[in-house]
Amino acid sequence: MNSNSTSDATESHRIVERARDVIPGGAQTGLRAQAYDTGEVAFERAEGATLTTVDGDEYTDYHLGFGPIILGHAHEAVDDAARRAIDGGVLYGAGTAPLEVEVAERLVENLPSIEQVNFCNSGSEATYHAIRLARAATGNEKILKFEGCYHGWHDYVDISVYPPEDQLGEQYPESEGMLSSAVENTLVVPFNDSEAVAEVFREHGDDLAGVIFEPVPHSVGCLLPQQGFLDTVRELTAEADVPLIFDEVITGFRHSPHGAQGEFGVTPDLTCVAKALGNGYPVAAVGGREDLLSQAGGDNKSGVVISGTYSGNLPGLAAARETIDTIVEEDVQGYVTGLGDEYRDGLRDLLADHGIEGRVVGHRSIFSLQFGVSQEPENYEDILGLDEELFREFAAGMRERGHFFTPNPYKRHHLSFAHGAEHLASYLDDADDVLANL
Ligand SMILES: Cc1ncc(COP(=O)(O)O)c(C=O)c1O
């Protein structure tokens, strides 16, 4: 046990109590508030792989802000680049800055589908823009998405991400207050189900504006695309001339600088990137075929409007340029993939040693431990039925021993360039102990 405290008398507890008065739920999102499940948590520092609370308790961070931190927290070169940009002014909001061109050129160079690119500040904005571009190009309204895939909070896509079992196969709105026509126009099928996609094309092919998905859905831990599934979706969309949108908000720059599209050899028409693109700075992009993107090159009186006061803000772009260069020059993905394999192998051995039913899923720098289920999941339905309570107990035990990840059983651990052999050894040692006591 380390000295991490979960006592109610902590400064962390007092901050969270104050927060609950003035911030709904006490945190910026419901998912963030779930960190309270294993105790009150207020953080005030992060460096390398370490996250520190207002009480000075230190944790090895496997949450990494839901994934953006690929190089480690407070990465010196990235932060220096952002600071230099700040010194030259944060935002111009007119014309073009050289940094925009430099980062756009790097995206074109690295991601096979990207011929042109527009910047924005979050993954949700990127998927919103991609869908508008697709609708404008086709003149159609319907979008096809997959159960268990998250593409942001807006009405077009916040549908059937975590549907309850009795809502499988339905268009399940994740939030109250959503526009019913948006929900009706978003069709949903199971991931990895080529036949269901083909059926949608037979029935709605003439009305489809686009197909959007995470090529490796990590919003529910990790689903891996089965052999041929990505190719089938690519063929069906190409035949029907319906834009295929890869949401690479997690996979792009975390799994590979060339995205899942580079890894699996399937090139979409539009691509959304965010998260690891800027190692934590708010920077995102929608890119793709020139004929689709150039619809947005107009004068706001014609074509597609893509807009945003903070789009192309200089610190975000400077962080992105430095992050991309570091990832490419230092083979960050080679390193974090090797480390990910060691965590996954180690956890699988521990489950076997302790005779606990569970599975370790993941890809490259991402992994999840799921209890009460053992077969490799193919789609969202295979995620249902995992033992949520046992995972929360595991998360609480690990947190007491100095390892932080969200106690949400459907989420995932992330690794960064700042994680090393010492973190691996201590994680597996402590996991051994916690699993023995579950
Ligand atoms: C795959 C995917 N797409 C889109 C988004 C939305 O990104 P943001 O939270 O930056 O709006 C997320 C966020 O978690 C995501 O994981």
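All residue numbers refer to positions in the sequence shown, counting from 1. Both counts, for ligands and for their atoms, begin at 1 and track the order of listing.
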Which pairs of donor and acceptor atoms, one on a side chain in residues 84-102, lie under 3.5 Å apart (sequence neighbours left out)?
residue: Tyr92; atom: OH; partner: Gly88; partner atom: O; Å: 3.0
residue: Glu100; atom: OE2; partner: Ala97; partner atom: N; Å: 2.9
residue: Glu102; atom: OE1; partner: Arg321; partner atom: NH1; Å: 2.6

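Ranking protein heavy atoms by distance to atom 10 (O) of ligand 1, first place goes to Gly123 N, 2.8 Å. Looking from atom 16 (O) of ligand 1 to the surrounding protein, the closest heavy atom is Ile250 CD1, 3.2 Å. Atom 14 (O) of ligand 1 has its closest protein heavy atom at Lys275 NZ, 2.8 Å. At the top of the distance list for atom 3 (N) of ligand 1, counting protein heavy atoms only, stands Asp247 OD2, 2.6 Å.
Counting heavy atoms closer than 4.0 Å to ligand 1, residue His151 contributes backbone atoms (N, CA, C, O) but none from C-beta onward.
Within ligand 1, counting atoms from 1 as listed, the ones closer than 4.0 Å to a heavy atom of Gly152 are 4 (C), 5 (C), 6 (C). Close contacts of ligand 1 with Ser122, meaning ligand atoms under 4.0 Å from a residue heavy atom, involve 10 (O), 11 (O). Taking every non-hydrogen atom of Glu214 and a distance limit under 4.0 Å, the qualifying atoms of ligand 1 come out as 1 (C).
The side-chain hydrogen bond (donor to acceptor under 3.5 Å, both in side chains) analysis of residues 270-282, with sequence neighbours excluded, yields the pairs Asp79-Tyr281, Ser113-Thr271, Gln261-Thr271.
Side-chain atoms of His255 and His218 form a donor-acceptor pair, as typed in the model, at a separation below 3.5 Å. Judged by distance alone, the side chains of Arg234 and Thr237 do bring a donor and an acceptor atom under 3.5 Å apart. Glu125 and Ser122 are linked by a side-chain donor-acceptor pair at a separation below 3.5 angstrom, with hydrogens and angles left out of the test.
The ring of Phe264 has its center no closer than 6.0 angstrom to the ring center of Phe229.
Here the OH-CD1 distance, from Tyr150 to Ile250, works out to 10.0 Å after rounding to the nearest 0.5 Å.
Comparing Pro217, Gly252, Ser124 by heavy-atom distance to atom 6 (C) of ligand 1, the nearest is Ser124. Of the listed residues (Phe213, Trp153, Phe66, Tyr150), the one carrying the non-hydrogen atom nearest atom 2 (C) of ligand 1 is Tyr150.
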